[in-house]
Amino acid sequence: MIDQEKIREAVKLLLEGIGEDPEREGLRDTPDRVARMYGEILAGMEADASVPLAKVFSVDSGEMVLEKDIPFYSMCEHHLMPFYGKAHIAYIPKGKVVGLSKLARTVEIYAARLQIQEQMTGQIADALMKHLAPGGVMVMLEAEHMCMTMRGVKKPGSRTVSIAVRGAFKEEPMLQEKFFRMLQV
């Protein structure tokens with residue numbers, strides 16, 4: 001559980017550490033604002049992906065389902081800076097599908113944690129495999145990392161792409177090709 005008081009104390013110390021006066025007018029309420037913000041953007045720390053993935057519907061088709069361009073915002077666990085981008089998720093149903101909003105909600109749950117992109121990609125794929133038991137899953141995340149654009153190498157516009165493949169997508173390269181073609185539509 002997120003401890004708002006500890007966050008407030010830490011922000012006050014941070015402000016003092018960079019030479020600011022946490023009691024000056026513009027900063028007086030900053031520790032409280034930052035504590036509330038972290039409570040909001042890290043709400044996935046306590047969320048369970050099985051909840052949105054539990055609502056399924058029966059289908060006869062075993063054709064690929066693709067939801068693309070799902071926006072997400074996350075926080076890099078290495079620098080505590082944002083990274084953001086789009087998720088693309090495909091799966092091969094085996095008798096059941098999940099509501100499309102539930103795929104976006106699953107992305108949101110894993111994004112709302114201290115995270116690294118590569119891990120998040122695999123977590124989404126593994127959650128779908130576990131809770132939907134599909135024939136296969138492919139997840140691709142494309143993101144811009146503020147730790148690369150605002151500091152360090154300072155390369156704005158650079159994107160990191162990560163992919164996780166499970167089941168039929170790993171075994172049948174043609175499915176991966178179809179996934180990439182569908183992303184272009």
Side-chain angles (χ1 to χ4, degrees), residues 1-11 13-14 30-55 65-91 98-132 134 136-167 169-170 176 179-180 183:
M1 188 162 107
I2 293 177
D3 187 332
Q4 300 265 323
E5 185 54 39
K6 281 187 177 182
I7 295 171
R8 282 190 285 275
E9 291 172 22
V11 171
L13 286 172
L14 174 67
T30 296
D32 190 52
R33 281 191 294 268
V34 172
R36 286 192 317 269
M37 175 194 70
Y38 275 117
E40 178 183 338
I41 64 175
L42 297 177
M45 301 285 283
E46 299 168 10
D48 183 354
S50 68
V51 175
L53 294 175
K55 180 66 175 170
V65 175
L66 169 66
E67 187 165 346
K68 63 182 186 175
D69 298 329
I70 304 165
F72 70 87
Y73 302 88
S74 192
M75 292 289 286
C76 167
E77 66 184 31
H78 298 148
H79 298 99
L80 299 181
M81 293 189 77
F83 67 95
Y84 56 92
K86 293 179 180 180
H88 314 289
I89 300 173
Y91 69 100
V98 67
L100 296 177
S101 69
K102 306 312 182 196
L103 295 175
R105 180 69 181 129
T106 301
V107 170
E108 189 175 89
I109 285 171
Y110 287 109
R113 301 174 178 189
L114 291 178
Q115 192 60 276
I116 63 170
Q117 179 177 335
E118 300 88 343
Q119 175 177 279
M120 182 176 148
T121 309
Q123 288 171 332
I124 295 166
D126 291 341
L128 293 172
M129 287 300 287
K130 178 179 179 182
H131 299 291
L132 299 182
V137 170
M138 187 161 175
V139 176
M140 182 170 109
L141 301 185
E142 302 175 77
E144 184 166 341
H145 293 249
M146 295 305 291
C147 59
M148 279 191 55
T149 63
M150 203 176 153
R151 58 153 305 277
V153 296
K154 296 181 181 157
K155 299 296 180 212
S158 62
R159 293 182 309 160
T160 300
V161 177
S162 54
I163 297 173
V165 292
R166 306 288 188 267
F169 283 95
K170 187 176 266 189
Q176 290 184 32
F179 172 87
F180 290 120
L183 287 183

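Treat the numbers as computed from the prediction; the structure is a model and nothing was measured. Counting from 1, the numbers follow the sequence of the chain as shown.
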Minimal heavy-atom distance between His131 and Ser50, with the atoms involved, is CE1-CB, 3.2 Å
Is any side-chain heavy atom of Lys55 closer than 4.5 Å to one of Val98? no
Which label fits Phe83 and His145: parallel for a plane angle under 30°, tilted from 30 to 60°, or perpendicular past 60°? parallel
Donor-acceptor pair, Glu46 side chain versus Met1 backbone, under 3.5 Å? yes
Taking every heavy atom of Leu114 against every heavy atom of Glu77, the minimum-distance pair comes out as O-OE1, 3.6 Å
Do you know which two heavy atoms are closest between Ser74 and Ala111, and how far apart they sit? OG-O, 2.6 Å
Does any part of the side chain of Met140, heavy atoms only, come nearer than 4.5 Å to the side chain of Leu183, both counted from C-beta? yes
Do Phe72 and Leu141 have side chains that get closer than 4.5 Å, going by heavy atoms? yes
Of all heavy-atom pairs linking Gly157 and Glu144, the shortest is N-OE2, 3.2 Å
Quick one: list whatever passes side-chain hydrogen bond (donor to acceptor under 3.5 Å, both in side chains) with Ser162, sequence neighbours left out. Gln117, Thr121
Starting at CE of Met45, measure out to CD1 of Ile109 and round the result to the nearest 0.5 Å. 13.5 Å
NE2 of His88 to CD1 of Ile163, rounded to nearest 0.5 Å, is 9.5 Å
Going from CD1 on Ile7 to CG on Leu14, what distance comes out if it is rounded to the nearest 0.5 angstrom? 12.5 Å
Does the pair Phe180 and Met138 meet the rule for a side-chain contact (heavy atoms from CB on, under 4.5 Å), with working shown? CA-CA 10 Å; Phe180 290 120; Met138 187 161 175; 3.5 Å; yes
Heavy-atom donor-acceptor pair, Glu142 side chain to Arg159 backbone, under 3.5 Å: no
Nearest 0.5 Å, what's the CD1-CD distance between Ile116 and Glu118? 5.0 Å
What distance do Thr149 atom OG1 and Lys155 atom NZ have between them, rounded to the nearest 0.5 Å? 11.5 Å
What are the two closest heavy atoms between Tyr38 and Ile2, and how far apart are they? O-CD1, 3.7 Å
Crowding at CD, Glu5 (>12 non-hydrogen neighbours, <6.0 Å): yes
Exam field: side chain Arg166 to backbone Val139, donor-acceptor pair closer than 3.5 Å: no
State, yes or no, whether a side-chain contact exists between Arg113 and Met120 at a heavy-atom distance under 4.5 Å. no
Could you check whether Glu108 pairs with Arg105 (Lys NZ or Arg NE/NH1/NH2 to Asp/Glu carboxylate O, under 4.0 Å)? yes
Mind checking whether Leu100 and Val65 have side chains closer than 4.5 Å, heavy atoms only? yes
Please tell me if the side chains of Tyr84 and Met146 come closer than 4.5 Å, counting only heavy atoms from C-beta onward. yes
Counting neighbours of CE on Met37 that are heavy atoms of other residues, nucleotides or ligands and sit closer than 6.0 Å, is the number greater than 12? yes
Smallest heavy-atom separation, Cys147 atom then His79 atom, equals CB-ND1, 3.5 Å
To the nearest 0.5 angstrom, please state how far the CE atom of Met81 sits from the CE atom of Met75. 8.5 Å
Within the supplied structure, the quantity of interest is the number of heavy atoms (other residues, nucleotides, ligands) at a distance under 6.0 Å from Lys86 NZ; does it exceed 12? no
